[in-house]
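Remarks on the structure that follows.
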Amino acid sequence: MTKIKTGLLATSLRKMLVSAVFIVIILAAVGFYFAQDWLGNYAAQADTTTTGSSASGSSPQALTKLNEEITKNQVSGIKANSLVASSQNYQTQIIKDINKYAAMTNITIEDFNLSQPANTSGGATTTIAGLKSNFITITPSNPIPIKNLLQFFKLIETSLPKMLITGISISPSDGSNENVTIDPLTIEVYTK
């Protein structure tokens, strides 16, 4: 039998093991450094996300209150938009509304005039920023019961879109304390 010589002596084996331990220690230190850097960046990102989310949603009660405020303001926004007529269809809408109010109060409208009346009062007309004043003159059928006329005025003045009676001339009807005669009535309508 032949004898095989390995050539590994205890000293060379010890040098190899010490070298391997140093390589493992160096690799562990480098790996630890990169892992620590990666974890630090991840923690900073998580902290930023947590801070942002806690600022926007501090409690369910706050979110509920915010939702209620949004809902309440939507109703106000819808009502604000309905205060002023659209300039494209205001004539049709106003004539329809006035006819409806006249029917509710048993008043007959003989004529509608959509022309701009002359300023006979001598005063300056009131303007509102962003709104345009349009005028409609209506001629009711006379005589009119005063009670019906007052109800008609109330319906016009409290309507949406907003209408304002700007020119009126009333006189007592012949022989009756309950009826009046009214000249053509000027109504101001605000449009966008």
Report summary line: CD1 of I25 to CZ of F32, rounded to nearest 0.5 Å, is 14.5 Å

Report summary line: Value for CD1 (I165) from CZ (F153), rounded to nearest 0.5 Å, stands at 4.5 Å

Requested in this report: Report yes if the side chains of F152 and L185 come closer than 4.5 Å at any heavy-atom pair, otherwise no.
Outcome: yes

Query raised in the report: How long is the gap from CG on L149 to CG on N106, to the nearest 0.5 Å?
Result: 12.5 Å

Requested in this report: Can you measure from CG (L155) to CG (L150) and round to the nearest 0.5 angstrom?
Outcome: 11.0 Å

Report task. Taking the side chain as every heavy atom from C-beta outward, state whether M104 and K100 have any atom pair closer than 4.5 Å. Result -> yes

Query raised in the report: Picking from I156, I107, T105, what satisfies side-chain contact (heavy atoms from CB on, under 4.5 Å) with Q151?
Result: T105

Report summary line: To the nearest 0.5 Å, atom OG of S12 lies from atom CG of L17 at 10.0 Å

Requested in this report: Over all heavy atoms of both residues, which pair between I109 and A102 is shortest? Give the atoms and the distance, please.
Outcome: CG1-CB, 3.8 Å

Query raised in the report: Quick one: CD on E178 to CD1 on I144, what's the gap to the nearest 0.5 Å?
Result: 14.5 Å

Report task. Please report the closest heavy-atom contact between P140 and I182, naming both atoms and the distance. Result -> CG-CG2, 3.2 Å

Query raised in the report: Taking the side chain as C-beta and beyond, is there a heavy-atom pair between Q93 and D97 under 4.5 Å?
Result: yes

Query raised in the report: With a 4.5 Å limit on heavy-atom distance, are the side chains of V180 and S173 in contact?
Result: no

Report task. Spell out, as yes or no, whether a donor-acceptor pair under 3.5 Å connects the side chain of N99 to the backbone of I95. Result -> yes

Query raised in the report: Any side-chain heavy atom of K15 sitting closer than 4.5 Å to one from V18?
Result: no

**Report entry** S169 side chain to D183 side chain, donor-acceptor N/O pair below 3.5 angstrom
**Finding:** yes

Report summary line: side-chain contact (heavy atoms from CB on, under 4.5 Å) test vs F112 passes for just one of T137, I187, I98, I94, namely I98

Report task. Please check if V30 and L27 belong to a single hydrophobic cluster, counting links between Ile, Leu, Val, Met, Phe, Trp and Tyr side chain heavy atoms closer than 4.5 Å. Result -> no

